[in-house]
Number of protein chains: 2
Amino acid sequence: MPTARRPTIRDIARRAGVSESAVSFALNGRPGVSEGTRERVRRVAEQLGWHPSSAARALSGERTGAVGLVLARPASTLGVESFFLQLVSGVQEALSTRRAALLFQVVESLDTECELYRRWWAERRVDGVLVVDPRSEDPRPALLGELGLPAVVVGGGEAGERLSSVSADDTSAMASIIDHLHGLGHRRIVHVAGLPGFVHTERRVSCLRAEAAARGLDPHRTRSVTTDYSDSEGAEATRLLLDEPDPPTAIVYDNDVMAVAGLATAQERSVAVPAELSVVAWDDSPLCRVTHPRLTALVRDTAAFGRLAARELLRLLDGESGRAVASALPRLEPRESTGEANRAAS
Amino acid sequence: MPTARRPTIRDIARRAGVSESAVSFALNGRPGVSEGTRERVRRVAEQLGWHPSSAARALSGERTGAVGLVLARPASTLGVESFFLQLVSGVQEALSTRRAALLFQVVESLDTECELYRRWWAERRVDGVLVVDPRSEDPRPALLGELGLPAVVVGGGEAGERLSSVSADDTSAMASIIDHLHGLGHRRIVHVAGLPGFVHTERRVSCLRAEAAARGLDPHRTRSVTTDYSDSEGAEATRLLLDEPDPPTAIVYDNDVMAVAGLATAQERSVAVPAELSVVAWDDSPLCRVTHPRLTALVRDTAAFGRLAARELLRLLDGESGRAVASALPRLEPRESTGEANRAAS
DNA sequence: ACCGGTAGCTAAACCGCGTTAGTTCCGCCT
DNA sequence: AGGCGGAACTAACGCGGTTTAGCTACCGGT
């Protein structure tokens, strides 16, 4: 069987007995055709299963109907966190209301990511992009500004003319965690953070420092250590911490995988959780609920975060100017992995 | 600052002092220009940072330079498995050699997925697609055939003219698991499978049945139960199994998340693993290595699987005809969650 | 000296849409 | 009756490439 031919506005025009321009007017809601004709054209288009060629449309209208999302992470730290698929699924929920497509790409490094933006721009593949994992010295906003490619930075950063940012309130999230732990009597709290260059990592780190200072905690005991988000570095960090002379009584991990790995490491050493050590996971997931004890976790609606980011990008594409948007506050869900600090130990 | 203008072949033509067609010939390696001119044009293009407009190219050449991947899973069962991000990252590694882009979309149902294929086809958004989670009564291959959209079914199924399939050898994988467990003395082995409509689920189920028959195991004891891949159904299935009068001595879970949940459930009931119950996870991940005991798992190179599938799709796009391709054999990695069957219990 | 063939190039058409500049027709006003 | 304006529609162009059909100059053969 030969491939079915794709219908074009020409086919519609012939069937409806009008010119191609009339069809274009009718289908795009422009003035210039009578209501009767418009309706007739619409019916024919429907009946033929017509959809505009994205290529042709992009070529004339300068709009592709696609947005891009690049994930720059080495393959090893990939594929464990539930965060990204959730985010992406939220993004698409918002995009699908406009029939926009998502170009998704995983690359190894930030440089490759920047090259990719250049290529996408030159190839006119995308109308805008979502930037994730913002860094403290991030070359991407400047590049995108130079290219004139609208962008939304997911996770914070400043806004610009064609640049928005949506951010989770890491500061108050960290504060609520410290509040919870401090209230349970913990005085030696260590934060096992993710990659050091990331903006959200640094925000969390500095918030922890501020909280510690505000509560008069020893900054050598209550502090952050950085990792690459992997289970192995999470476990390794945990081992080093437990080996210290005055080990922490509570550890906050920057993702679910490290939290689970840390919990396992503690149990391996017969450190009782939560009796001797409390554990908190930043970001909830099914993982946090299948361990024993279940992990106290910071619950965020990641899909909603993705929706918010995508909607903001659509707003930019509509010509509105950039701004900074804050997402809903995360909530700390206390479970069995956190408990009163051991009096003797503290 | 105004947005930089994107260079076109016209700019190149002017700078190089030749016609636009000559530029096109030169850059696409067609005959019709001298080597000297070709080289000069190439240099100018490079210098201008030119990349062909994907829209313009698609409009004339009928090729978009993009392929699609749709994931039809309800949001709830999403985002836990490491499988898809790994697959996608492998896919892109292969695609990037041809500078092809990936359109990635998550939808709720198979119907939406089919609609999406129709739309992508009509909009000429993709040159071909990767189909995942093949079902036993799958409408997708027929639809794609009708549309003339080249496709690769990831996970098995038959091939066609513009349709290939790449498959993991589930049968021998299941055989190796049963072999391992049977060798350890297990005679009551239950397989906690994933969604019942999936081809790979059914292949695994029927292989388990065949293996049981071949070894003379009681088909009421050695059998499969199906779930939706979620941690909660994995845990629930485990509870039901452990409550049976003659509970299984070994359970094989169809993904890592259910295996971890199952292990936790057993431990919650003080069922010792592996002394009283052996646990196997189908698909390895960091999760399987952070539990106690660590989980015996079926290790597959998922990224390599993705690469294979993408390469096969590129082959189809080059005009080669469809075929069935087999991926590398999976390997069973024995860890501490499997051990000798308890003599008394069996 | 003449002719045919080919290498190297240009002009022009085309892909499918959006858009702008006409064109026709009709009703209304003076 | 003539002019005028707007509604409804069509013709033609451009977007940035690819591709086909020419066109010219040169080269070798007889």
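Chain letters run A, B, ... following the sequence lines, proteins first, then strands; residues in each count from 1.
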Classify the nucleic acid contact of [X] as base, sugar-phosphate or nothing, counting any heavy atom under 4.0 Å across all strands shown.
X	value
A/S34	sugar-phosphate
A/S24	base
B/S53	sugar-phosphate
A/S21	base

task: Please determine, by modelled atom types, if B/S24 and B/S21 share a side-chain donor-acceptor pair under 3.5 angstrom.
output: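 No, B/S21 and B/S24 have no side-chain donor paired with an acceptor closer than 3.5 Å.
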
Reckon [X] has a side-chain N or O less than 4.0 Å from the OP1 or OP2 of [N]?
X	N	result
B/S60	D/dT18	no
A/W50	C/dG16	no
B/R57	D/dG16	no

Once you round it to whole Å, what is the distance between [atom2] of [N] and [atom1] of [X]?
X	N	atom1	atom2	result
A/E123	D/dC15	CD	C1'	17 Å
B/E20	C/dA11	CD	P	10 Å
A/R63	C/dG16	CZ	C1'	19 Å
B/R14	D/dG16	CZ	P	11 Å
A/L27	C/dC17	CG	C1'	11 Å
A/R30	D/dA8	CZ	P	17 Å
B/F25	C/dA11	CZ	P	13 Å
A/L59	C/dT19	CG	P	13 Å

- prompt: When you match B/T37 and B/A56 each to their closest nucleotide on DNA chain C, which lands nearer the 5' end?
  reply: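 The 5'-side residue here is B/T37.
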
message: Between A/R38 and A/E35, does the salt bridge (Lys or Arg N to Asp or Glu O under 4.0 Å) criterion hold? Intermediate values first, please.
response: CA-CA 5 Å; A/R38 191 185 297 277; A/E35 262 321 301; 3.2 Å; yes

query: Which nucleotide, D/dC9, C/dG16, C/dC9, lies nearest any side-chain atom of A/T8?
result: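 Nearest to the side chain of A/T8 among the choices is C/dG16.
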
Output side-chain donor-acceptor pairs under 3.5 Å for residues 46-53 of chain B, partner residues at least two apart or in another chain, one line each.
residue, atom, partner, partner atom, Å
B/S53, OG, B/A55, N, 3.3
B/S53, OG, B/A56, N, 3.1

- prompt: Crowded around A/E320 CD? As in, over 12 foreign heavy atoms under 6.0 Å?
  reply: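 More than 12 within 6.0 Å, yes.
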
message: Go through it in stages, so that I can follow the logic: the residues are A/S109 and A/T112, the test is side-chain hydrogen bond (donor to acceptor under 3.5 Å, both in side chains), and I'd like the CA-CA distance, side-chain angles, deciding distance and then a yes or no.
response: CA-CA 5 Å; A/S109 73; A/T112 323; 2.7 Å; yes

